[in-house]
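This report refers to the structure that appears directly beneath it.
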Number of protein chains: 2
Amino acid sequence: MTSKYQVIKQAIKSKILEGTLAPHQKLSSENDMIKEYGVSRHTVRLAIGELANEGWLYKVQGSGTYCADRSKTKSLRQPNNNIAIITTYISEYIFPSIIRGAESYLSKHGYNVTIFNTNNDYNQEKQVLEIILTGNYAGVIIEPTKSSSASPNLHLYLSLEREMIPYLMINAFYHELEPTTIVLDDEKGGFIQAEHLIKLGHRDIVAIFKTDDMQGSKRLKGFIKAHRMYDIPINTSNIISYNTQNRYSKPVEKLEALLDSNMQTPTGIVCYNDQLVLELLDVLRKRDLQVPRDISIVGYDDSSLSEVSEVKLTTVKHPKSKMGYEAAQLLVEMIKNRNGSGKKSTESIVYEPELFIRTSTKRVGKFQEELLEGKFESPIGSK
Amino acid sequence: MTSKYQVIKQAIKSKILEGTLAPHQKLSSENDMIKEYGVSRHTVRLAIGELANEGWLYKVQGSGTYCADRSKTKSLRQPNNNIAIITTYISEYIFPSIIRGAESYLSKHGYNVTIFNTNNDYNQEKQVLEIILTGNYAGVIIEPTKSSSASPNLHLYLSLEREMIPYLMINAFYHELEPTTIVLDDEKGGFIQAEHLIKLGHRDIVAIFKTDDMQGSKRLKGFIKAHRMYDIPINTSNIISYNTQNRYSKPVEKLEALLDSNMQTPTGIVCYNDQLVLELLDVLRKRDLQVPRDISIVGYDDSSLSEVSEVKLTTVKHPKSKMGYEAAQLLVEMIKNRNGSGKKSTESIVYEPELFIRTSTKRVGKFQEELLEGKFESPIGSK
DNA sequence: TTTTAACTTTCGTACGTACTATTAATTATA
DNA sequence: TATAATTAATAGTACGTACGAAAGTTAAAA
């Protein structure tokens with residue numbers, strides 16, 4: 001009746017109930033128990049296997065078997081395999097790739113992916129975070145809303161931390177939180193966009209960036225840095241910034257105004273992303289300005305759009321779906337570590353931007369490129 | 001990664017979810033399973049042991065292993081506000097819009113949206129459906145996998161019905177199920193694509209369609225119907241069909257072969273979607289064929305891509321995000337009616353396709369258009 | 001026909017071996 | 001000193017064998 005494994009099981013259970021085994025305390029290894037109880041490994045595994053099933057123990061492969069913290073499971077939290085992804089705008093041409101990357105990893109590891117959308121609006125961000133806090137989520141991947149300024153919802157992110165729900169931010173982050181992040185080095189990205197044109201001899205370059213998210217303002221910063229580095233003055237009217245609300249009107253209007261003014265036509269344009277480039281190409285076509293003959297233009301993201309037009313875009317590579325995939329990996333890691341001991345802050349990932357040179361840019365003038373080439377090293381990314 | 005016992009476990013679980021194994025039905029004995037799966041008894045026991053632990057099976061020593069009756073434990077389901085959306089491929093340029101449309105309605109009505117992805121693969125479709133059946137979902141929006149043929153997972157859709165989980169299919173559907181659907185009238189869409197070119201005097205038109213989904217094969221059908229209607233013979237070598245696997249190679253290669261052959265260059269091309277058009281535009285550019293001067297081309301979807309190129313595409317309008325929004329509306333209605341009385345079959349929605357004429361098509365030859373114009377009425381859509 | 005006993009099937013317990021996957025600790029290397 | 005490579009420890013998977021315990025089946029005996 002009382003089989004060997006039952007005896008062992010009862011012995012361990014007693015230790016837990018007595019308090020001899022505290023939560024998260026390591027048990028003897030299977031091999032030690034074999035000697036301890038004088039039975040086979042199979043029998044030991046049978047005993048601790050059942051105890052693990054019943055929630056008394058948990059096992060970590062490669063590490064050991066531990067006493068479970070039953071005070072938590074008592075709060076009837078059912079097994080929790082939902083991951084939330086918060087986007088600003090689902091259809092934005094980059095984000096579906098990120099979602100796909102994340103989904104492919106998470107579904108492979110038994111998680112379900114629930115999508116939330118803030119439309120880059122603080123109010124909706126708040127609602128979403130409240131749903132997640134109320135609901136049952138193991139972790140959250142967040143593309144922050146209006147990331148260039150502080151969010152009024154910071155306290156909700158702190159609540160996530162208090163509830164032990166791991167989260168990480170992608171593409172951008174709120175400085176105040178110092179969260180785990182997965183981002184491009186956007187400042188460097190903006191820098192190499194501008195540097196590329198500068199090295200090709202351009203001196204009159206227009207910058208058009210969306211500045212209500214962190215990406216855009218960092219890219220603009222990189223643009224300015226490149227000019228400063230190469231000692232090229234910036235005409236302030238060459239900097240056009242816009243935001244989410246006026247994204248479909250302002251860039252086009254401003255560029256039209258600039259081109260139709262009696263100022264000299266710029267020789268190069270640097271854009272917030274490829275999508276914007278394609279809109280602006282129409283503006284140029286209407287004025288019979290050919291790319292790259294009359295004007296060079298640099299995009300950002302290396303999206304599918306960059307090879308779609310008659311002129312293939314020189315652009316900065318964005319690791320889209322890879323980013324989603326690795327975000328998912330990182331998050332799952334964070335979820336696992338949460339249960340363990342004090343092993344906390346997971347390292348953030350910063351991708352180095354990379355320029356893809358296609359046919360939308362060309363050399364102009366006869367500047368002394370020799371002097372420029374190799375004279376300066378790229379000053380960013382040395383941290 | 002997927003160990004032997006996991007495979008067996010999954011196989012048995014599938015049988016239960018399909019209904020092949022009814023509650024209290026006896027399973028094969030351990031010894032039979034050993035032969036059945038070609039593994040050791042230990043492995044079989046590991047599989048059925050875990051399933052018993054998880055409540056799928058129960059065992060009676062000396063008698064056998066039986067399928068558990070889960071209907072009882074299930075009745076205490078917590079309130080349920082999750083909606084699943086099953087896509088074939090998240091990044092496909094149309095689907096993010098559909099998701100956005102659905103998400104905007106569902107989040108407004110207190111539902112959370114969980115995204116699943118099949119990669120147009122039956123196996124993954126099966127896994128996803130099993131997760132949904134096991135999990136806690138109020139309804140499902142499905143873009144069917146490989147919709148032009150019957151799915152091997154039909155029984156799982158029937159299980160959805162048995163579990164009273166409303167679902168509807170979007171873009172396409174499996175004929176066998178007669179589900180509630182939200183689709184475009186793709187046959188008519190293909191018809192008006194072809195009709196447009198025919199009315200512009202084209203007689204030598206190439207059709208390039210993806211035919212492993214229902215949309216493509218219906219559009220092709222419409223293409224053929226238009227030719228028959230206007231008594232125009234079809235050169236069979238003008239019909240190029242491809243599928244999900246070879247979508248990035250076959251269409252381009254086939255068109256190149258056709259253009260480089262010594263046959264007369266066709267005057268028009270009708271495409272499965274806008275994305276394909278843009279790929280093919282590169283092929284034409286390489287051969288100095290200008291659109292629409294030398295060749296007219298018609299797309300499908302009226303996607304953002306249609307206004308991106310130097311030539312703006314004539315294309316068929318696809319109500320993308322509206323479709324997602326109305327799918328969500330319909331599904332929520334179905335969920336509400338489910339509890340109510342016998343008010344059952346919700347009406348499906350079929351959108352009428354609409355041609356957007358831009359600048360990628362032009363009139364050719366001097367055919368007697370007068371004779372054609374108005375002589376025929378559009379023959380489809382009168383049902 | 002009923003009862004009993006023997007036999008068979010089935011799951012349960014228990015031993016052993018071997019290899020893999022993951023983690024942690026150690027050592028070597030820069 | 002910090003990093004990389006190696007090694008050791010630990011749980012996971014998988015094969016095998018053997019016998020016990022409970023249930024079901026069959027056949028003989030009352």
Side-chain angles (χ1 to χ4, degrees), chain A residues 1-12 21 24-68 105 108-110 329-330 332-347 349 383, chain B residues 1-12 21 24-68:
Chain A
M1 175 62 219
T2 40
S3 49
K4 290 190 184 178
Y5 89 91
Q6 297 274 13
V7 173
I8 299 170
K9 203 177 148 184
Q10 194 54 49
I12 296 172
L21 272 171
H24 304 298
Q25 190 180 335
K26 192 170 174 179
L27 275 74
S28 320
S29 75
E30 291 179 357
N31 275 315
D32 289 344
M33 289 196 202
I34 288 170
K35 290 163 200 157
E36 202 172 316
Y37 296 105
V39 296
S40 72
R41 182 162 171 230
H42 178 266
T43 306
V44 171
R45 282 182 63 76
L46 198 55
I48 61 180
E50 288 202 354
L51 285 170
N53 262 322
E54 292 166 18
W56 296 91
L57 305 175
Y58 66 92
K59 303 165 161 199
V60 181
Q61 183 176 357
S63 174
T65 307
Y66 301 84
C67 178
Y105 182 86
K108 223 179 286 171
H109 288 73
Q329 273 186 310
L330 208 57
V332 168
E333 200 181 299
M334 288 165 77
I335 292 167
K336 280 185 185 165
N337 286 347
R338 184 193 47 176
N339 298 337
S341 55
K343 198 178 159 191
K344 46 186 172 182
S345 65
T346 315
E347 282 301 310
I349 298 177
K383 46 183 167 181
Chain B
M1 177 67 216
T2 41
S3 47
K4 290 188 182 179
Y5 88 90
Q6 298 272 14
V7 173
I8 297 170
K9 203 178 149 184
Q10 194 53 47
I12 295 171
L21 272 170
H24 305 297
Q25 189 179 335
K26 191 171 175 179
L27 275 73
S28 319
S29 73
E30 292 178 358
N31 275 315
D32 289 343
M33 288 195 202
I34 288 169
K35 291 164 200 156
E36 201 172 317
Y37 295 107
V39 297
S40 70
R41 180 160 171 232
H42 177 265
T43 306
V44 170
R45 281 183 61 76
L46 198 53
I48 60 179
E50 289 202 355
L51 285 170
N53 262 321
E54 292 166 18
W56 296 92
L57 305 176
Y58 64 93
K59 303 164 159 202
V60 181
Q61 185 176 358
S63 172
T65 307
Y66 301 84
C67 178

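Labels below follow one simple rule: chain letters A, B, ... track the order of the sequence lines, proteins then strands, and each chain is numbered from 1.
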Provide, to the nearest angstrom, the distance between the [atom1] atom belonging to [X] and the [atom2] atom belonging to [N].
{"X": "B/Lys4", "N": "C/dC19", "atom1": "NZ", "atom2": "P", "value": "15 Å"}
{"X": "B/Tyr37", "N": "D/dA14", "atom1": "OH", "atom2": "P", "value": "14 Å"}
{"X": "A/Leu51", "N": "D/dA11", "atom1": "CG", "atom2": "P", "value": "14 Å"}
{"X": "B/Tyr58", "N": "C/dT10", "atom1": "OH", "atom2": "C1'", "value": "15 Å"}
{"X": "B/Ile34", "N": "C/dT10", "atom1": "CD1", "atom2": "C1'", "value": "11 Å"}
{"X": "A/Lys9", "N": "C/dT13", "atom1": "NZ", "atom2": "C1'", "value": "13 Å"}

### Message
Heavy-atom nearest nucleotide on DNA chain C for A/Ser40 versus B/Ser28: which residue maps closer to 5'?
### Response
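Checking each residue's closest nucleotide, the 5'-ward one belongs to B/Ser28.
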
Which pair of heavy atoms, one from [X] and one from [Y], lies closest together, and at what distance?
{"X": "B/Tyr66", "Y": "B/His24", "value": "CD2-O, 3.6 Å"}
{"X": "A/Ile34", "Y": "A/Val39", "value": "CG2-O, 3.0 Å"}
{"X": "A/Gly55", "Y": "A/Ala68", "value": "O-CB, 3.4 Å"}
{"X": "B/Leu21", "Y": "B/Cys67", "value": "O-SG, 3.8 Å"}

### Message
Main chain of A/Ser63, side chain of A/Lys26: is a donor-acceptor contact present, judged purely on distance under 3.5 Å?
### Response
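Yes: the side chain of A/Lys26 pairs with the backbone of A/Ser63.
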
Partners passing side chain to side chain donor-acceptor pair (under 3.5 Å) against [X] (at least two apart in sequence or in another chain):
{"X": "B/Gln10", "result": "B/Glu130"}
{"X": "A/Lys59", "result": "none"}
{"X": "A/Gln329", "result": "none"}
{"X": "A/Gln25", "result": "none"}

### Task
Please tell me which of the listed nucleotides, D/dA14, C/dA14, C/dC15, lies nearest to the side chain of A/Ser3?
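When the side chain of A/Ser3 is considered, C/dA14 is the closest of D/dA14, C/dA14, C/dC15.
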
#### Entry: DNA chain C contacts made by residues 41-50 of chain B, counting heavy atoms under 4.0 Å
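Hits under 4.0 Å, by residue number: B/Arg41, B/Arg45.
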
### Message
Is there a side-chain contact between B/Lys59 and the phosphate of C/dG12, meaning an N or O under 4.0 Å from OP1 or OP2?
### Response
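Yes, within the criterion.
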
### Task
Starting at the 5' end of nucleotides 4-10 of chain D, put B wherever the base has a protein heavy atom under 4.0 Å, S where only the sugar-phosphate does, and a dash everywhere else.
------B

